[in-house]
Each structure stands twice: as C-alpha cells, then as structure tokens.
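Counting begins at 1 with the first residue of the sequence.
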Amino acid sequence: MAGGGPDTGELYSPWVGLIFVFNLIVGTGALTMPKAFGQAGLVLSGLIIIALAFMSFMTATFVIEAMAAANAIIRYKRKEKKREPLWSPISTYEAYYSTKYTFLEETDSNSSSSCESIESLYSDNENTEKRSLLHSQRASRNKISSYDGASPSVNNVAIQSGVPSLKKKKSDFFDITERVEMGQMASMYFSKVGVYIFNVALAVYLYGDLAIYAVTVPKSLMNITCSSTHSSRDTDPCWGKDSMSRMNAYRLFLAIFVTSLGSFAFFDLTKTKYLQIVTSLLRWSAFGLMIILAIIVLVEGKEHKHKPRLVGPFESIPNLFGICVYSFMCHHSLPSLVTPINDKSKLTRFFFGDYMLILVFYLMLCFTAVFAFTLVELQDIYTLSFFGDNPVLDIAVLQYFLALFPVFTLSTNFPIIAITLRNNLKTIFARRTGQPYHWVIDRLFFPLLAIVPPVIVAFATTNVTELVGITGSYAGAVIQYIIPASMVYYGRRETKKLFGERWGNKHRSPFHHKAWCIFVMLWAVVCVGFVTADHIISGS
C-alpha cells in the first residue's frame with residue numbers, strides 16, 4: 001500500500017483512475033516482496049502471489065458493488081424523504097419526441113413543479129395514464145418491487161405513453177456519483193459492534209503502516225551513511241572503530257524523522273495533486289530502474305550465477321502471505337479513487353487489467369531480483385540491495401537515488417497516514433453524547449496516541465519484512481477480505497428489501513453468487529489461523 005488516494009474533486013478518465021490505483025497499490029510492500037519471494041522459493045511464491053492477486057481483485061469488485069448499493073440506498077431514501085417521483089423527463093421536447101427520461105436531480109427543491117411539467121406534456125387521456133403511473137409508484141413506495149416489471153398495467157402504461165421500462169431506469173439508482181467512504185458504508189450495513197470492529201481493524205492497519213514507515217526511512221538513512229557492508233550487524237560501528245553503532249545511528253535518524261514529520265499529526269494536511277505527481281514519477285523511475293538493472297545483470301551473466309531455491313521452508317510462507325496481502329491493498333481507499341472516474345461502464349474490466357498489470361510487475365520485480373542476487377545479498381528493503389559494495393550498480397548517483405527513494409516517498413505519506421489514524425481514533429473513542437473532548441485531549445492526546453505506539457515498535461525492531469507480514473496477515477486480511485465480503489453481502493440484502501427480487505446493480509461483481517462471499521470468509525479465517533499457528537510454533 002503506497003498511501004492515500006487523490007485528494008481532488010475533479011473528474012478523470014478510467015485510464016487516469018487506473019494509474020491512481022496502480023500507484024496506490026505499488027508501494028512499501030513491493031520493496032519487501034523480493035526477499036520474502038526468494039525465501040519461500042520460486043514455485044510456492046509464484047502460486048501464492050497469483051492466488052492473492054485473484055483474491056484481492058475479487059474483494060475489490062465487492063467494494064465497488066457495495067459502493068453502488070450504498071449510492072442506491074442513499075438516493076432512494078432521499079427521494080423517499082422529499083416525496084418526489086422516482087423519474088422525470090429531461091425536457092418537454094425530448095420527452096414527447098425522443099422519450100428520453102432521467103432521474104430527478106437531487107437539487108430539485110419543488111417536486112410539485114416537476115409533476116406539473118409532466119402533466120403539461122400529454123393530452124387528457126395521457127395525463128390520466130401518467131397520474132395512474134405516479135399514483136402506483138407512491139402507493140408502492142415501501143415495496144419498490146411492484147414497479148420492477150411485475151405489474152402488467154404499469155408496463156402497459158409505460159409503453160403506451162412512450163416511457164421506457166422502469167426496470168431499465170431503476171439501474172440508474174446504482175450510479176456511483178456520491179463518494180461513500182468505507183466508514184460510512186460500515187455505518188450503513190453493520191451493527192454498532194460491526195462498525196466498532198471495522199474502526200479498530202482500520203486503526204491497527206494504520207498503526208502497522210506508520211510502524212513500517214518509521215522503520216524503513218531511518219534504516220535506509222542508516223545504510224546510506226554508515227560505512228559498512230550489508231553483512232554488518234546492528235552492533236557494528238557505523239563510521240569507524242570508536243563511532244556509534246549502526247543501531248544507535250538508526251535510532252538517531254528515527255528520532256529526527258519522528259520529530260520533523262510526526263509534528264504534522266497535530267495539524268491538518270492533505271496530499272496535493274502535485275505531490276502525487278512527483279511521488280508517482282519517483283516510484284515509476286525507481287521500480288523501472290531496479291528491474292532494468294537486474295535484467296542487465298542476468299543478460300551479461302556477471303558473477304551472480306546461482307540457482308534460487310524452487311521450494312523454500314514451510315515457515316517462510318506465512319510471512320510471504322502477509323506481505324502479498326499488504327502489497328495488494330487498496331480497498332480502504334477505493335471510494336476516493338473510483339467515484340471521480342467519469343465513465344464507470346467498464347470498471348470491472350479496467351480493474352482486471354490493472355490487477356493483471358500489477359501482478360506481472362510484481363512477478364518481474366521478484367523473479368529478476370532472486371536471479372540477480374543471492375539470499376544473503378537481498379535486503380529486506382530491496383532498494384538497499386543496489387547500494388554499497390556490489391557489482392550490480394557502480395554509478396554512485398543511481399545508487400543514492402534508489403537508496404533514498406523510500407525516504408522521499410514514505411516521508412510524504414507519513415503525515416497523511418498519521419492524520420488519518422488520529423481522526424479514526426477520535427471516531428472510535430467518540431462520546432455517546434456527541435460532545436467534543438477538551439482541547440488538550442483533542443489536540444494533544446489523540447495525535448500522541450497515533451504517533452507514539454509506532455515509534456516504540458520502530459525503536460524495538462528494524463525488521464521491515466516481519467512488520468509488513470504481521471500487518472498484512474491480520475489487519476490487512478480483515479480489511480481486504482472480511483470487510484468487503486460482509487459489506488457486499490449486507491448491501492445486497494438491503495437493496496433486495498428496497499428494490500425487490502429483480503433488482504439490478506449495474507456494478508455487480510462477477511462473483512455475485514453467495515458462495516463467493518462464504519469462500520472469502522473461510523479463506524480469511526483459514527489463512528489467519530495458519531499464520532497464527534505458525535507464529536506460535538516457531539515462537540515455542
């Protein structure tokens with residue numbers, strides 16, 4: 001997961017949305033994937049990445065369907081509250097000659113004027129039919145299935161007066177035009193306990209995010225500044241015989257990092273479009289350069305002639321699982337990414353193409369890495385494998401660019417994630433009365449509560465791979481599997497109550513059978529149980 005989505009109200013094309021999704025998914029997780037890939041072996045790693053890419057794509061379509069259902073529910077209840085007819089003609093001319101109809105705009109202030117415009121279109125006989133149709137709609141407002149093609153009289157009136165079938169227009173309720181965030185959907189679909197579980201899972205995931213960032217940046221700076229090799233231990237001196245150790249240098253950089261960027265958690269900050277463009281260019285340049293350099297090593301057949309393991313030890317699989325879940329994460333930011341897309345008619349196809357592109361990218365990154373580097377040379381932060389005394393890259397400028405890449409990109413994301421976590425904690429601990437907390441708690445306690453725990457974890461460990469694995473295996477599995485499957489299940493049930501048996505969600509997931517939701521739930525439970533059992537066994 002690379003960070004937040006675009007903070008803009010502007011619409012953009014599906015191709016731009018595809019790029020945004022790519023940039024959101026490809027981030028820190030990809031930097032830790034080559035090491036875990038090499039440890040688990042080529043065969044097992046390849047199968048696991050393909051399987052988890054498929055699962056992530058499936059649950060992403062669940063989130064999109066749940067978003068469409070949420071839009072339909074909000075739109076229906078808004079019409080219900082205003083007592084407006086569910087459709088009206090675009091204009092007198094188009095309604096009479098072209099029979100083009102659309103839903104009433106949500107900004108209409110007077111529904112009676114709309115009804116008067118309808119009545120002015122037709123002769124006395126047509127007016128009688130139209131009023132009959134509107135009366136039928138109002139009488140069945142609590143049971144919308146009555147206009148879902150079930151009533152012959154309604155359909156006959158629609159056909160005689162040139163009105164399209166209401167079933168055809170009903171799908172417009174499912175247009176994704178309002179940004180309904182995951183937290184809002186959780187409030188719509190879940191009970192109070194479910195909403196609390198969602199907020200806690202998101203908070204834990206964000207804590208893991210911050211801990212990963214807080215370790216990656218200082219560790220990169222430590223490896224850049226210390227005059228020691230990759231095989232050095234944390235207790236080795238950083239610069240000379242009498243200098244501070246590498247671990248103390250790491251902690252010094254960590255203190256500087258937290259002091260300079262952690263202070264933003266006390267304020268409000270948004271990720272601008274221009275900052276996104278810069279970080280995207282850096283990301284594409286760095287990952288592209290690493291793949292090209294590894295390919296050059298393989299083509300030239302330098303000193304790195306070795307056979308990577310085909311099947312690694314069984315205990316390496318849980319960590320790879322967590323890293324892959326983390327590396328395909330985008331679900332919590334999909335509402336911000338999908339809603340501004342101007343043409344959503346082929347969303348599923350675009351997401352399938354995006355996931356295929358990311359899958360091929362990850363496989364290229366990992367396969368080139370394990371053939372170009374030995375397991376000893378592969379660092380848990382892949383960019384550091386190109387830095388120092390190695391023959392893969394002997395251009396100093398490029399070495400420093402790759403080594404500093406996580407520093408630049410993650411430093412821009414750290415304040416955004418910290419502010420998001422701070423706001424999420426306020427939601428979890430919000431008072432039942434709705435009254436705000438004292439300014440000391442609001443402005444000091446919650447920011448510190450967001451920053452301090454990840455910093456404590458970062459002071460205790462420098463193992464980025466393990467942090468990514470744990471974050472993805474637990475909080476990531478809940479957000480990527482359990483939450484989307486639950487949302488789409490309850491979203492379908494709610495829309496079925498409102499729109500009847502033959503409701504039609506145009507953004508319905510290809511995996512619309514109930515068995516897929518059950519399968520995702522079982523998959524999540526089995527995987528988390530497997531990871532937990534492995535940690536317990538290995539720990540004992």
Side-chain donor/acceptor of [X] to backbone N/O of [Y], under 3.5 Å:
{"X": "R422", "Y": "A265", "value": "yes"}
{"X": "K35", "Y": "L378", "value": "yes"}
{"X": "E377", "Y": "T374", "value": "yes"}
{"X": "S187", "Y": "G183", "value": "yes"}
{"X": "S327", "Y": "I323", "value": "yes"}
{"X": "T216", "Y": "Y213", "value": "no"}

Are [X] and [Y] side-chain neighbours, meaning at least one heavy-atom pair lies under 4.5 Å?
{"X": "T339", "Y": "T177", "answer": "no"}
{"X": "L42", "Y": "V370", "answer": "yes"}
{"X": "F511", "Y": "F519", "answer": "no"}
{"X": "P406", "Y": "T28", "answer": "no"}
{"X": "M329", "Y": "Y205", "answer": "yes"}
{"X": "F351", "Y": "L334", "answer": "yes"}
{"X": "R492", "Y": "E65", "answer": "yes"}
{"X": "L365", "Y": "Y382", "answer": "yes"}

Do you know which of Y362, F321, F54, F57 makes ring pair (Phe, Tyr, Trp, His ring centres under 6.0 Å) with F328? Y362
Report yes or no: do [X] and [Y] form a side-chain donor-acceptor pair below 3.5 Å?
{"X": "E181", "Y": "S336", "answer": "yes"}
{"X": "T61", "Y": "R508", "answer": "no"}
{"X": "S56", "Y": "Y355", "answer": "yes"}
{"X": "Y326", "Y": "T32", "answer": "no"}
{"X": "S345", "Y": "D343", "answer": "yes"}

Looking at [atom1] of [X] and [atom2] of [Y], how far apart are the two atoms once the value is rounded to the nearest 0.5 Å?
{"X": "I197", "Y": "S486", "atom1": "CD1", "atom2": "OG", "answer": "9.5 Å"}
{"X": "S411", "Y": "L261", "atom1": "OG", "atom2": "CG", "answer": "5.0 Å"}
{"X": "T59", "Y": "M487", "atom1": "OG1", "atom2": "CE", "answer": "12.0 Å"}
{"X": "L24", "Y": "I358", "atom1": "CG", "atom2": "CD1", "answer": "8.5 Å"}
{"X": "L363", "Y": "L359", "atom1": "CG", "atom2": "CG", "answer": "4.5 Å"}
{"X": "N71", "Y": "T495", "atom1": "CG", "atom2": "OG1", "answer": "12.5 Å"}

Taking the six-membered ring for Trp and the full ring for Phe, Tyr or His, determine whether the centres of [X] and [Y] are under 6.0 Å apart.
{"X": "Y250", "Y": "F257", "result": "no"}
{"X": "F287", "Y": "F361", "result": "yes"}
{"X": "F173", "Y": "F499", "result": "yes"}
{"X": "Y196", "Y": "F190", "result": "no"}
{"X": "Y437", "Y": "F429", "result": "no"}

Does the distance from a Lys or Arg side-chain N to an Asp or Glu carboxylate O, for R75 and D175, drop under 4.0 Å? no
Using a strict threshold of under 4.0 Å (side-chain N to carboxylate O), is an ion pair present between E178 and R78? yes
Might you point out which heavy atoms bring [X] and [Y] nearest each other, and give the distance in Å?
{"X": "I341", "Y": "S13", "value": "CG2-C, 4.3 Å"}
{"X": "G469", "Y": "N319", "value": "CA-OD1, 3.6 Å"}
{"X": "N199", "Y": "N424", "value": "O-OD1, 3.0 Å"}
{"X": "H332", "Y": "M182", "value": "O-CG, 3.7 Å"}
{"X": "A30", "Y": "P34", "value": "O-CD, 3.2 Å"}
{"X": "A36", "Y": "S45", "value": "O-OG, 4.3 Å"}

Taking it one step at a time, do Y189 and Y489 satisfy ring-ring contact (aromatic ring centres under 6.0 Å, His included)? CA-CA 9 Å; Y189 298 142; Y489 173 79; over 10 Å; no
Y490 atom OH: more than 12 heavy-atom contacts under 6.0 Å: no
Mind running ring-ring contact (aromatic ring centres under 6.0 Å, His included) on H331 and F62 for me, showing each step along the way? CA-CA 10 Å; H331 302 65; F62 285 173; 9.7 Å; no
Passes side chain to side chain contact (heavy atoms under 4.5 Å, CB included), C330 versus Q480? Steps please. CA-CA 8 Å; C330 67; Q480 189 169 143; over 6 Å; no
Check the angle between the aromatic planes of F373 and F386 and answer parallel, tilted or perpendicular using the 30° and 60° thresholds. perpendicular
Run the side-chain contact (heavy atoms from CB on, under 4.5 Å) test against A68 and tell me which residues pass, sequence neighbours left out. F174, I176, N505, H507
Worked check of side chain to side chain contact (heavy atoms under 4.5 Å, CB included) between Y481 and V528: CA-CA 11 Å; Y481 300 142; V528 171; over 6 Å; no
Check the pair D209, T471 against side chain to side chain contact (heavy atoms under 4.5 Å, CB included), reporting the backbone distance first and the verdict last. CA-CA 8 Å; D209 248 355; T471 302; 5.5 Å; no
Option among L347, V338, V180 that satisfies the side chain to side chain contact (heavy atoms under 4.5 Å, CB included) test with M67: V338
Before giving the answer on side chain to side chain contact (heavy atoms under 4.5 Å, CB included), spell out for F414 and I451 the whole-Å C-alpha distance, their side-chain angles and the decisive distance to 0.1 Å. CA-CA 10 Å; F414 187 86; I451 294 296; 4.1 Å; yes
